[in-house]
Structures are given as C-alpha cells and as structure tokens.
Peer 1: 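This is the structure I want to talk about, given as structure tokens.
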2 protein chains.
Amino acid sequence: MNAMAKGSFRDQVLRVREDAIVTAVNRLLAEKGFEQMTVDEVAADVGIAKASLYKHFASKEALAAAAMVRVLERTLEVIGQLAARREVAPFERLREVTRWALRVQLSGQMPILPAQNSSLRAELMAHRTYLDLLVTCSDRLGEWIIQAQADGQIDRSLPPELVLYTLFARACDPVPGVMKSSGRHGDEQIVEWVLATCFSGLGTRPS
Amino acid sequence: MNAMAKGSFRDQVLRVREDAIVTAVNRLLAEKGFEQMTVDEVAADVGIAKASLYKHFASKEALAAAAMVRVLERTLEVIGQLAARREVAPFERLREVTRWALRVQLSGQMPILPAQNSSLRAELMAHRTYLDLLVTCSDRLGEWIIQAQADGQIDRSLPPELVLYTLFARACDPVPGVMKSSGRHGDEQIVEWVLATCFSGLGTRPS
DNA sequence: GTCTATAGCCAGATAGAC
DNA sequence: GTCTATCTGGCTATAGAC
C-alpha cells in the first residue's frame, strides 16, 4: 500500500513482497471468490504471518481491491495495445479482448466477479482507483461497441450496455472452467468454442 | 424430509410448512447464494426458530439440496410440457426452456449455480434424488441439442456438452439482473435481448 | 516488519424444557 | 415440534514481544 517510491533497496523488496501478496490474492479470488477466500490462506500462500499481511493492507477488502485494480490495469494495457493496431476493426478488437480474458480465466487468474450483495462491493464502490479504472475500461470498450454497431458488425438492436455487461460476464463465466475440468479439450480449443458461442451464438446462420 | 404420506391432517400441515421453508431457501439462494445465506435468515423468513428448522432438515446443505431438487422438478415439468408439443422443433424447445429459466431468474427465484468448490457441491454429488433429476434433465436437453444439430439449427462444430453447460449457465447469468437493476427496461424486453445474445450471438449475420 | 497469541464476532448446530 | 439458551469452530483483526 505504501512505498510507491522505488528508490531504496528496502522499498523495492517491499514492492516485490506486496506484488507476491497481490498475486496470491488474485489466484485465490479466481479459485474460490472473495467470501470463501480466507486471509489465513493468503498468508500461508505468500509464506508470511497473517499479522504481517495487515501491515501491508488494512483489511481483507483492501487485499481484494488491490487484486481487482491490477486486473483492470492489465486489461487496460491489452486495450491500449489493440487500440494501437489501427487496421483491426472495433468488432475484432472486442473479440481479441475477450479472447485474452478467456485465456486468463482458463489459467486460473481471473478474479470472480464481485456479487451484487458482497461486502466487497461497497468497499470497491468507494475505492477511487478501482472505480476510475473500471470507468475508463468501460468507456473504451463502449466506444468499440458503438463503432461495431455503426459498422453493422454488432446487432444494432442490442443496448451497448448489455453488450458490455455480456463481455464482462463471459470473462468470469463458469463454462470454460467446467469444460476444462473434463480434461478432454485443450485451452485454446475451449477459448475458440466459447468465443463462438459468445459472438456468433449457439444457432447456425439461416441460409 | 419425513412425512411423505399425505393422509393425516398433521402431515399435511407439516408438508405445507416444509414447502414454505423450501420456498424461503429458494429465494435466499437466488438472492445471495449458498455461502452468503444464513440459516438464521431462513428461520426468520419462515417465522420459526432456527432449532425447528433442524427438525425438518439435517443441515444447511440439506436445505439447499431440497431447493435445488424442487427447481429441477419444475424444470422437468417444463421440459415435459414442451416435449408434448410435437410441432415445436428441438431448437425452439431449447429456446423456450431458456426463456422460462430467464423469467424465473428475473423474478428472483433461480438459485445460483453451486460453485465448483462449494461445500454444497460435495453434498449434492452424494444426493441421489438431486443427481437423478439432474441427469434426467441433462439427458432430455441433450437429446434436443443433438437433434437441433442434426437439423442444422445448432452449430455442429460445438460439442453438445458445451451447449448444455452454456444453457445452464445462462439460467444463472448475472447479466439479466444487472440490466434489471438499472430499472430502464422491462423483464420481457431483457429476456428477449439475452435470448438473442445466447442463441444468435452479439454479432450480426454476414450477408 | 515479522512473529505468536488472542480478542471478538458470527454462523452452524445442539441441549433440554415445554 | 417448537422454543430459548448455549456450545463450538472458524474467521477477521489486533496486541505486544522481538
């Protein structure tokens, strides 16, 4: 939480440690969600005492918020990279972002969407950095959605917000995980199938 | 749990009470999920003491299992009614089942899909009635899926199990609830939009 | 800043009177 | 079967020594 300066050696050690904490939290959030994750597990995973965790982060909610912030930062990086590729149409950019999210999900590193009633929800809604990143992320994706609708590549009768929520939801969908747990299919194959159901739907095109 | 006989008056009273319990559990499962639901809430909602609940159901997991069983029974009823309408194609039947599930979800009565790691999961996997209903339900939907693929109405490149999981997942998707919470759209409109994203996808058909 | 030990709380489950 | 009162265990968070 502190130690933003990267000058001294001690501070760098601190940053590395906090990064390890956030990584552990991120993995546990992906595995079991906020309520089911215990601070003891996080401490054990990082290899330090629970009390030490609380020297870095004020609460369990703060731990989760840090992980959510990092996910959003990475998402914005991916969005930025795609935005630089001017030859890629908005519709394809949305597909690429979703593809990236599905891969992260299948690798067990996508934190579960905070439930509508979670105690986490309130804290996140008061977390400036998180909210700012979320809004930025939504805005950039929202632009692409509207452009894709103008291009005739996304159904114009769908409200852009519905499309946005649908993409967010697909990033946390249980379906890829269930398919993976059968052990019969590779990650890339699952990603392509889920992408197909998301963008093309279950039905075939009428000829 | 007991009192299957409907003979005596006392037993009927018991059945009505247990039905009220299951209804409350069902609502709370839909609202907050298994882990977030507390037995105290259930008792308060029914209007009896917590200890009395445990005279009817052995554990919190047993409460949830009863609710899940009832949902599956109702699902099978819907499936049975659709099966009787021979003029409706399998693809349309799948859409109708999904439409029904989305309506139940929006009315706040669809229990949340049990998470892969939940303590509930283990108990359900040992619950004969639940498993039997789940398998029956999956088999009947699976038949329709395969027929719809043979009819060329569902993408043949998708594994039937993926289609099945996708339909189950859509019944518990957070998207309809989030759309409803904005208060700007009616339930039926939301149902149609979500059905469209599910069966036709986000993209428009190439002409 | 790290640890051990523990406070404080809450939720699932039970005891025992009626 | 229903109640009140209580037990038990697990979890967040903190005290205090080093």
Peer 1: Roughly how many Å is it from NZ in B:Lys55 to C1' in C:dA15, rounded to a whole number?
Peer 2: 9 Å
Peer 1: Once you round it to whole Å, what is the distance between C1' of D:dG1 and CD of B:Gln12?
Peer 2: 18 Å
Peer 1: To the nearest angstrom, how far is B:His56 atom NE2 from C:dA13 atom P?
Peer 2: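 Rounded to whole Å, this separation is 16 Å.
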Peer 1: For A:Leu53 and D:dT14, give me the distance from atom CG to atom P, rounded to whole Å.
Peer 2: 13 Å
Peer 1: Would you tell me if any nitrogen or oxygen in the side chain of B:Arg17 comes within less than 4.0 Å of OP1 or OP2 on D:dT2?
Peer 2: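 For B:Arg17, the contact criterion (side-chain N or O under 4.0 Å from OP1 or OP2 of D:dT2) is met.
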Peer 1: Sequence neighbours left out, what pairs pass salt bridge (charged side-chain N to carboxylate O under 4.0 Å, His left out) with at least one residue falling in residues 118-142 of chain A?
Peer 2: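 Passing the test, one end in residues 118-142 of chain A: no pairs.
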Peer 1: For the side chain of B:Ala49, starting at C-beta, report the closest nucleotide among D:dC3, D:dT12, C:dG12.
Peer 2: D:dC3
Peer 1: Is the distance from OP1 or OP2 of D:dT14 to the nearest side-chain N or O of A:Tyr54 less than 4.0 Å?
Peer 2: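 Indeed not, no polar side-chain atom of A:Tyr54 lies that close.
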Peer 1: Does this structure show an ion pair linking A:Asp45 with A:Arg27, if we count only N-O contacts that are shorter than 4.0 Å?
Peer 2: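 So A:Asp45 pairs with A:Arg27 through a salt bridge.
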Peer 1: Give every residue pair that meets the salt bridge (charged side-chain N to carboxylate O under 4.0 Å, His left out) criterion with at least one member in residues 153-164 of chain A, sequence neighbours excluded.
Peer 2: A:Glu161-B:Arg184
Peer 1: Ignoring the backbone of B:Ala51, work out which of C:dG1, C:dC3, C:dA15 is nearest its side chain.
Peer 2: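 When the side chain of B:Ala51 is considered, C:dA15 is the closest of C:dG1, C:dC3, C:dA15.
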Peer 1: Give the rounded distance in Å between these two atoms: CZ of B:Phe57 and P of C:dA13.
Peer 2: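 Answer to the nearest Å: 14 Å.
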Peer 1: Across the strands shown, which category fits B:Arg10 at heavy-atom distances under 4.0 angstrom: base, sugar-phosphate, nothing?
Peer 2: nothing
Peer 1: Rounded to the nearest angstrom, tell me the gap between atom NZ in A:Lys50 and atom P in C:dA5.
Peer 2: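 Roughly 13 Å, once rounded to whole Å.
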Peer 1: Please tabulate, one pair per line, all N/O donor-acceptor pairs under 3.5 Å involving side-chain atoms of residues 61-79 of chain A, not counting sequence neighbours.
Peer 2:
| unit_1 | atom_1 | unit_2 | atom_2 | d |
| --- | --- | --- | --- | --- |
| A:Glu61 | OE2 | A:Ser119 | OG | 3.2 |
| A:Arg70 | NH1 | A:Asp19 | OD1 | 3.4 |
| A:Arg70 | NH1 | A:Thr23 | OG1 | 3.2 |
| A:Arg70 | NH2 | A:Thr23 | OG1 | 3.0 |
| A:Thr75 | OG1 | A:Val71 | O | 2.8 |

Peer 1: Go through residues 25-39 of chain A and report each residue with a non-hydrogen atom lying under 4.0 Å from DNA chain D, sorted by number.
Peer 2: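 Correct list: A:Met37, A:Thr38, A:Val39.
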Peer 1: Tell me the interatomic distance from A:Ile48, atom CD1, to C:dT2, atom P, rounded to whole angstroms.
Peer 2: 6 Å
Peer 1: Side-chain donor-acceptor pairs under 3.5 Å in residues 32-40 of chain B, sequence neighbours left out?
Peer 2:
| unit_1 | atom_1 | unit_2 | atom_2 | d |
| --- | --- | --- | --- | --- |
| B:Lys32 | NZ | B:Glu41 | OE2 | 2.5 |
| B:Glu35 | OE2 | B:Ser118 | OG | 2.9 |
| B:Thr38 | OG1 | B:Glu41 | N | 3.1 |
| B:Thr38 | OG1 | B:Glu41 | OE1 | 3.3 |
| B:Asp40 | OD1 | B:Lys50 | NZ | 3.3 |
| B:Asp40 | OD2 | B:Lys50 | NZ | 3.4 |

Peer 1: Run the salt bridge (charged side-chain N to carboxylate O under 4.0 Å, His left out) test against B:Arg10 and tell me which residues pass, sequence neighbours left out.
Peer 2: none
Peer 1: Within the pair B:Ser52 and D:dG1, is there a side-chain N or O less than 4.0 Å away from OP1 or OP2?
Peer 2: no
Peer 1: Write down the distance between CG (B:Leu63) and P (C:dA13), rounded to a whole number of angstrom.
Peer 2: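 Value for this atom pair: 9 Å.
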Peer 1: Please report the shortest heavy-atom distance between A:Leu106 and A:Gly177, naming the atom on each side.
Peer 2: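 Closest pair (atom of A:Leu106, atom of A:Gly177, distance): CD2-N, 4.4 Å.
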